[in-house]
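These notes are about the structure you will find just below.
This is a predicted model, so every value here is computed, not measured.
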Amino acid sequence: MMSPGVCWLSAHLNWRARRVEFSGRPRAERGIAAYRAEQILTWVYRRQEDDFDAMSNIAKEVRALLSQHFRVARLAILAQQASSDGTRKYLFGLEDGERIETVLIPERGHYTLCVSSQVGCAQNCRFCLTAKSRLRRNLTQGEILAQVRDVKKELPDPGRLTNIVFMGMGEPLANLDHLLAALALITDSDIGLGFAAKRVTVSTAGLVPQMLEFGRRSRVSLAVSLNAADDETRSRLMPINRTYPLEVLLAACRSYPLPPGRRITFEYILIKGVNDAPEDARRLARRLHPIRCKVNLIPFNPHEGSGFERPSEQAILAFQEVLLRKHFTAIIRHSKGQEISAACGQLRARSEA
């Protein structure tokens, strides 16, 4: 990936202050004008350029100085799997030998990219395969950005990649500073990757203080992984509920600073015999009123050792019908990429077996 002493470029370009830094020393000490940061980032993110010598509107002596101190790194693709439905899963290798997954999902007329924010996860949700590997570390701003930049570079029609979801490995809000720094460049239309904020969604298991801070500091969309409408069931599935029970979490959702026209997405994984009964749906409807929201119903995607099963189609449709009758937007999200280690963390787990 990168030789010792060479840092991720984005970590040393303070794009808000338009400043280039070398090992913590400001650009003025090196004689580089402040506007160069904007030029460099435009080349890196808008034009997908890795070679400083190709940045033709930057003086040769500046390019040489940049080459001495930085390298625009790409993630190592350790494995790649493609499904018959067009879903593509990448196993990326990081500089320290850790591995993360990123998934490209075809939608009607566009692609959605599912991005990781941590190596492993500390939330220990019982239905999640990633939780079995525990948290290794947070991803840096550069490692988060590289997933989007590198996959976009691979696409024959990169303009079709319009949506980003932080629903891969890790709890994004547990890595809040690096997440926000990455989101700033993901949504910057002048020098960044240019994604519309409303088309970028960050999912959380329910870290309430970080969620409220995130709402104050970002305009991208929020999704909350709920998965139960009573504290006993949710605590059994998601230990975070013991710290921030449903009453606290949903109060935060009611006060969340939603931009005009936006809604919070509640993700509800349907698990046979656990949370898929019509009474669960009625309880969910009571809990969510009057939050501006929609509900994504996700039938459980079985994986080895989970101990859980997918509900029948009849049970899935019956659950949805209860919510529709209560005037909620409730969409069934069927898993894609079933034949390519579809559950998050499977490809990484198999690579380390």
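Pairing each heavy atom of Ser255 with each of Leu212, the nearest pair is OG-CD2, 4.2 Å. Contact between Lys152 and Gln48 at its shortest, heavy atoms only, is CB-NE2, 3.9 Å. Between Asp51 and Glu49, the closest heavy-atom pair is N-OE2, 2.9 Å. Looking at every heavy atom in both residues, Cys114 comes nearest to Ile105 through CB-CD1, 4.4 Å. The two residues Leu183 and Ser218 have their closest heavy-atom pair at CD1-OG, 4.1 Å. Closest approach of Cys253 to Val224, counting heavy atoms only: SG-CG2, 4.1 Å.
The line from CE of Met167 to CD of Glu267 is 4.0 Å long, rounded to the nearest 0.5 Å. With rounding to the nearest 0.5 Å, the separation of CD in Glu171 from CG in Leu179 is 9.5 Å. Rounding to the nearest 0.5 angstrom, the gap separating the OH atom in Tyr90 from the CG atom in Leu104 is 5.5 Å. The line from OG1 of Thr201 to CD1 of Ile264 is 12.0 Å long, rounded to the nearest 0.5 Å. Annotation: the span from Ile100 atom CD1 to Leu139 atom CG amounts to 5.0 Å, rounded to 0.5 Å. Separation of atoms CG (Asp50) and CG (Asp150) is listed at 8.0 Å; rounding is to 0.5 Å.
For the side-chain contact (heavy atoms from CB on, under 4.5 Å) test with Arg310, the passing option among Ile271, Asn301, Ile316 is Ile316; the others fail.
For the pair Tyr111/Asp157, no side-chain contact is recorded, criterion being any heavy-atom separation below 4.5 Å from C-beta on. Residues Arg134 and Asn124 have side chains in contact (heavy-atom distance under 4.5 Å, counting atoms from C-beta outward). Residues Ile58 and Arg36 are in side-chain contact: their nearest non-hydrogen atoms beyond the backbone lie under 4.5 Å apart. In this structure the side chain of Val220 never reaches within 4.5 angstrom of the side chain of Ile164, judged on heavy atoms. In this structure, the side chains of Phe166 and Ile186 come closer than 4.5 Å at one or more pairs of heavy atoms. You'll find the side chain of Ile291 reaches within 4.5 Å of the side chain of Leu250, heavy atoms only. Side-chain contact between Val165 and Ser203 is absent, with no heavy atoms from C-beta onward closer than 4.5 Å. For the pair Arg149 and Leu185, the minimum side-chain heavy-atom distance is 4.5 Å or more.
One hydrophobic cluster, built from ILVMFWY side chains closer than 4.5 Å, holds both Val248 and Met211. Under a hydrophobic clustering in which Ile, Leu, Val, Met, Phe, Trp and Tyr are joined whenever their side-chain heavy atoms come within less than 4.5 Å, directly or via other members, Leu135 and Met238 fall into different clusters. The hydrophobic cluster containing Leu193 also contains Ile40, counting ILVMFWY residues as joined when their side-chain heavy atoms lie under 4.5 angstrom apart, directly or transitively. Linking Ile, Leu, Val, Met, Phe, Trp and Tyr residues whenever their side-chain heavy atoms come within less than 4.5 Å leaves Leu270 and Val322 in two separate clusters. Note: the hydrophobic cluster containing Leu222 also contains Ile240 (ILVMFWY, side chain heavy atoms under 4.5 Å, direct or indirect links).
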Side chain to side chain contact (heavy atoms under 4.5 Å, CB included), that's the test. Do Glu143 and Arg137 meet it? Break it down for me. CA-CA 12 Å; Glu143 290 166 339; Arg137 67 170 175 86; 3.0 Å; yes
Walk me through it: do Arg160 and Leu155 pass the test side chain to side chain contact (heavy atoms under 4.5 Å, CB included)? CA-CA 9 Å; Arg160 288 189 64 200; Leu155 295 177; 5.9 Å; no
Evaluate side chain to side chain contact (heavy atoms under 4.5 Å, CB included) for Ile191 paired with Tyr45, printing each intermediate quantity in order. CA-CA 7 Å; Ile191 59 175; Tyr45 292 109; over 6 Å; no
Take Arg136 and Met169 through the side chain to side chain contact (heavy atoms under 4.5 Å, CB included) test and state the conclusion after the steps. CA-CA 11 Å; Arg136 306 285 187 89; Met169 295 171 57; over 6 Å; no
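Between Phe308 and Phe300, the two ring planes are perpendicular [angle over 60°; tilted spans 30° to 60°].
With sequence neighbours excluded, no residue forms a side-chain hydrogen bond (donor to acceptor under 3.5 Å, both in side chains) with Arg254.
A donor-acceptor pair under 3.5 Å is formed between the side chain of Ser235 and the backbone N or O of Asp231. A donor-acceptor pair under 3.5 Å is formed between the side chain of Asn227 and the backbone N or O of Ile269. Between the side chain of Gln320 and the backbone N or O of Ala330 there is at least one donor-acceptor pair closer than 3.5 Å. Judged purely by atom type and a 3.5 angstrom limit, His178 has no side-chain atom pairing as donor or acceptor with the backbone of Pro172. No donor-acceptor pair under 3.5 Å is formed between the side chain of Thr233 and the backbone N or O of Asp230. Judged by distance alone, with hydrogens and angles left aside, the side-chain atoms of Asp276 form no donor-acceptor pair with the main-chain N or O of Pro311 at under 3.5 Å. Formation of a donor-acceptor pair under 3.5 Å by the Arg234 side chain with backbone atoms of Leu226 is found in this model. Here the side chain of Arg219 pairs no donor or acceptor atom with the backbone of Ala197 at under 3.5 angstrom. At least one donor-acceptor pair closer than 3.5 Å links the side chain of Thr204 to the backbone N or O of Gly206. Not a single donor-acceptor pair under 3.5 Å links the side chain of Asn275 to the backbone N or O of Asp280.
Applying the 6.0 Å contact sphere to CD of Glu232 captures no more than 12 heavy atoms from other residues, nucleotides or ligands. Around atom NE2 of His110, more than 12 heavy atoms belonging to other residues, nucleotides or ligands sit under 6.0 Å away. More than 12 heavy atoms of other residues, nucleotides or ligands shown are found within 6.0 angstrom of CD on Glu313.
Between Glu279 and Arg286 there is a salt bridge, with a side-chain nitrogen of the basic residue lying less than 4.0 Å from a carboxylate oxygen of the acidic one.
For the pair Arg63 and Phe52, the cation-pi criterion (under 6.0 Å, within 45° of the ring axis) is not fulfilled.
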